[in-house]
Amino acid sequence: MLSPFCYTTRNNLIRGILLPLFIIFLFTQNINAQENSKKRLEYQEIEAKIDSFHNDQKKAWELIQYYIKKAKEEKNNEALVYAYRYASNFSKYPENINNANLALNVAKSSQDQRLLANAYLNRGTVFFQEGYYQKSLDDVLVANINANNIADEYITYKSIYLIAQNKIYLGLHEDAAKELQVCINFFKKRSTDSKFGQDYQTYYIYSLLSYIDNNTRMGKMNENKTLISESIDYLTDNNLQQFIPYFISSQGTDAFYQKDYQTSIKKLTQALEMYNDKYPHITEIYYLGLNNWKIGKRTIAVKFMEVIDNQYNKSNRLDPQFRSAYEILIKYNDSIKNRDKQLEYIDKLMILDKSYEKNFKYLYPKINKEYDTKKLISEKNKVEKLLILRSNIFLLILIISLGIILFFSIRYYRIKKLYKQRFENIIINSEVEHKKHHVTKEAQENTEPETVKTVFISDKDVKELNLESPENLDEYYSKIPGLNPLVIKSIMNQLDTFEYEERYLDSQLTQKSLVEELGTNSTYLSKIINTYKGSNFNIYINNLRLNYIIDLLRTDANYLQYDVKELANICGFSNAESFSDNFYRKFEIKPSYFVKMMKEKSRSSSQSHNPTSD
């Protein structure tokens, strides 16, 4: 069964993936009587089953409850201690401590020193996981005494190993190094032994990694270089590759303290890529953050440190070695003027310092702090004043923002009112044009075919046939000097036919093609359109198209479902952009807005003609 020894990742695998072996087999030592061998096998099977459910808390807990019940029914104190040990390992605070106490009570009632040693060591482990380091050390020392009394070397050296971890956390690195060296020698000699519940090889690796990490804390990186190399060779030779990334991570940590930041980043990243487990590995994250901070990549560094903060938020505990993560977060947020975050991190650091002062009596005074308590209080007061100032500025900005919102709201209302008026004008003008168009259409349809036929008369015809303008010809066609009224009238009649037949809907239409169709020239056509239509050729054609589409939208609701591009194609524009630009030029509103208003008008009209009844 694999579970983390503590809330940090590497730290020598001390609190890492191998601790479960320590817990799983801790209480499975030396069952004495042969007559209990069958029961022992049954209990081992239960434990193996629990181990297989390590990632399924619900199933594991159901089996643990069965284990406890079975041990009670059979009045087997040894099995009951083991069962409560599992319960303490699979439960959270404070239930884990309660279950550890129950295991210890059973061990005391049995008066069996082996069970007492196991139970005290188990509770010491739980205290260690929860950050009660002094209590943990007290229990481990009692376990060590009991193990020595019964000459159980395996439990004795495991307790020495755990004592070393407590000494590291209390800042007693020199003492811890001596204890770890003893453990290395003991477990190395027996690393090939294979007995039930006695994993010498695992604790040899544990001890090596812990010793290397402790050396780093003491600045003995040169000694580590050889140790790490030998350890990796040993792991490779014994097919224990799963532990190699922890030693590579140690290389990365040592490189950081030797100011070889690029090598450190490379090694730490390599370790993270090699891990194949579910643990957060915040040691690597922390040192990657420190490396990036040192080389000036502050934004990247802060991202790593925020991971440390997230881990603290989840567990409410933080190894003192990660304390400087908050110092970096405070500095960074100060530099970007993020006062809320700066104050949040200052508060967290002050809480952590109080915790360190309480739980690390020896370690706390030695922590290298850039922000001591007085400075933190001063910094906090400074930030709070800035926050008050910022609140006042925020209030001013809020008032200005409300003024701006009010201004634009009024402006929006006025524009909306103006657009509505423009929309109504378009509808009125379209209705007028529609009536004029239909009057003309009816007149032309009722005229005899002989009179409808248009005779094309050019300026050349006038000269060759010696045609003269009748004296009574309407002065309407005499507005262009130098251009025979007969020619003007002929072209105007042709333009009326052109409009009547809606040939302007052809998107390929050009001035040249229309000139050829009318049998005139560009100069005459341009002058006539400018004089009698009041615009140039392009605007004339585009206005006809726009009037056409307006009439469609006004009289046929089906066209209101078309998009702008489709409407543009229907009325002869080659693209939606040209259509929209010309629409806005002529009507001073966008086609999409006109369609929206038409839809609203259509809905309103439908409701007025189909009133609902209660």
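Computed from heavy atoms alone, side chains included, the values below leave out hydrogens, waters and symmetry copies.
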For this session: Evaluate the criterion side-chain contact (heavy atoms from CB on, under 4.5 Å) for residue pair Asn310 and Asn313; output intermediate values, then yes/no.
Result: CA-CA 5 Å; Asn310 290 336; Asn313 292 336; 4.1 Å; yes
Exercise. When rounded to the nearest 0.5 angstrom, what distance separates CD1 in Ile244 from CE in Met274?
Worked result: 5.5 Å
Exercise. CZ/Phe187 to OG1/Thr202 distance, rounded to the nearest 0.5 angstrom?
Worked result: 10.0 Å
Exercise. Hey, are Tyr332 and Glu306 close enough side-chain-wise for a donor-acceptor pair under 3.5 Å?
Worked result: no
Exercise. Does Glu78 reach the side chain of Val106, with side-chain heavy atoms less than 4.5 Å apart?
Worked result: no
Exercise. With His173, which of Asn215, Asn214, Thr216 fulfils side-chain hydrogen bond (donor to acceptor under 3.5 Å, both in side chains)?
Worked result: Asn214
For this session: Output the distance between atom CD1 (Ile336) and atom CD (Gln342), rounded to the nearest 0.5 Å.
Result: 9.5 Å
Exercise. Tyr275 and Glu284: side-chain donor and acceptor closer than 3.5 Å?
Worked result: yes
For this session: Would you please classify the geometry between the Tyr67 ring and the Tyr86 ring as parallel, tilted or perpendicular, with 30° and 60° separating the classes?
Result: tilted
For this session: Show your working on side-chain contact (heavy atoms from CB on, under 4.5 Å) between Asn76 and Leu80 and close with a plain yes or no.
Result: CA-CA 6 Å; Asn76 189 325; Leu80 191 55; over 6 Å; no
Exercise. Does a side chain donor of either Ser250 or Asn224 reach within less than 3.5 Å of an acceptor in the other side chain?
Worked result: no
For this session: List the atom of Ala177, the atom of Tyr211, and the distance in Å for their closest heavy-atom pair.
Result: O-CE1, 3.6 Å
Problem set entry | Whether Arg123 side chain and Ala119 backbone form a donor-acceptor pair below 3.5 Å | no
Exercise. Can you check whether Gly124's main-chain N or O pairs, donor with acceptor, with Ser136's side chain at less than 3.5 Å?
Worked result: yes
Problem set entry | Check: Val142 main-chain N/O paired with Asn146 side-chain donor or acceptor under 3.5 Å | yes
Exercise. Are Phe128 and Lys135 close enough, and set up right, to give a side-chain contact (heavy atoms from CB on, under 4.5 Å), and what steps lead you there?
Worked result: CA-CA 8 Å; Phe128 192 86; Lys135 289 183 178 181; over 6 Å; no
Exercise. What about the rings of Tyr257 and Tyr287, do their centers lie closer together than 6.0 Å?
Worked result: yes
For this session: Report the distance from atom CD of Glu130 to atom CG of Asn316, rounding to the nearest 0.5 Å.
Result: 10.5 Å
For this session: Would you confirm whether the ring centroid of Phe322 sits within less than 6.0 angstrom of the ring centroid of Tyr312?
Result: no
Problem set entry | Donor-acceptor pair, side chain of Asn238 and main chain of Leu240, under 3.5 angstrom | no
Exercise. Do the side chains of Asn122 and Val81 get nearer than 4.5 Å, heavy atoms only?
Worked result: no
Problem set entry | Nearest non-hydrogen partners of Leu318 and Tyr326, listed with the distance | CD2-CE1, 3.6 Å
Exercise. Of the non-hydrogen atoms in Ile308 and Ala325, which two are nearest, and what is the gap between them?
Worked result: CG2-CB, 4.1 Å
Exercise. Is there side-chain contact between Tyr234 and Ser191, with at least one heavy-atom pair below 4.5 Å?
Worked result: yes
Exercise. Can you check whether Tyr206's main-chain N or O pairs, donor with acceptor, with Ser210's side chain at less than 3.5 Å?
Worked result: no
For this session: Report yes or no: does Asn144 contribute a side-chain atom to a donor-acceptor pair with the main-chain N or O of Val140 at less than 3.5 Å?
Result: no
For this session: Applying salt bridge (Lys or Arg N to Asp or Glu O under 4.0 Å), run through Arg190 and Glu153 and close with a yes or a no.
Result: CA-CA 11 Å; Arg190 296 161 180 77; Glu153 287 187 321; 3.7 Å; yes
Problem set entry | Side-chain donor/acceptor of Gln57 to backbone N/O of Phe90, under 3.5 Å | yes
Exercise. Is the closest side-chain heavy-atom distance between Arg339 and Asn333 below 4.5 Å?
Worked result: no
Exercise. Should Asn292 and Lys303 be marked as a side-chain contact (heavy atoms from CB on, under 4.5 Å) after you check the CA-CA gap, both sets of side-chain angles, and the distance that decides it?
Worked result: CA-CA 10 Å; Asn292 279 284; Lys303 294 295 182 185; over 6 Å; no
Exercise. With ring centroids as reference points, do Tyr161 and Tyr203 lie under 6.0 angstrom apart?
Worked result: yes
Problem set entry | Thr253 side, atom OG1; Gln258 side, atom CD - distance, nearest 0.5 Å | 11.0 Å
For this session: Would you indicate whether the side-chain heavy atoms of Leu288 and Ile300 approach each other to under 4.5 Å?
Result: no
Exercise. Looking at side-chain heavy atoms only, is the closest gap between Leu180 and Ile168 below 4.5 Å?
Worked result: yes
For this session: I would like to know whether Asn105 and Asn101 meet side chain to side chain donor-acceptor pair (under 3.5 Å); could you show each step before the answer?
Result: CA-CA 6 Å; Asn105 291 338; Asn101 286 331; over 6 Å; no
Exercise. Side chains of Leu329 and Lys341: does their closest heavy-atom pair fall under 4.5 Å?
Worked result: no
Exercise. How many angstroms lie between atom CG of Leu102 and atom CD of Glu95, to the nearest 0.5 angstrom?
Worked result: 11.5 Å
Problem set entry | Heavy-atom closest contact (Ala107 atom, Ser110 atom, distance) | O-OG, 2.6 Å
Problem set entry | Non-hydrogen atoms of Tyr157 and Val182 that approach each other most closely | CE2-CG1, 3.3 Å
Exercise. Just by distance, do the side chain of Ser249 and the backbone of Pro245 share a donor-acceptor pair under 3.5 Å?
Worked result: no
Problem set entry | Electrostatic pair Glu344-Lys348, nearest N-O below 4.0 angstrom | yes
Exercise. Does the side chain of Met305 reach to within under 4.5 Å of the side chain of Tyr286, using non-hydrogen atoms?
Worked result: yes
Exercise. Does Ser229 use its side chain to pair, donor to acceptor, with the backbone of Thr226 at less than 3.5 Å?
Worked result: no
Problem set entry | Any pair counted as side chain to side chain donor-acceptor pair (under 3.5 Å), so long as it reaches residues 262-274, sequence neighbours left out | Gln251-Lys267, Asp260-Thr263, Ser264-Asn291
For this session: Sort and list the pairs that fulfil salt bridge (Lys or Arg N to Asp or Glu O under 4.0 Å) and have at least one residue in residues 292-301, not counting sequence neighbours.
Result: none
Exercise. For the residue pair Tyr246 and Leu209, what are the closest heavy atoms and their distance?
Worked result: CB-CD2, 3.5 Å
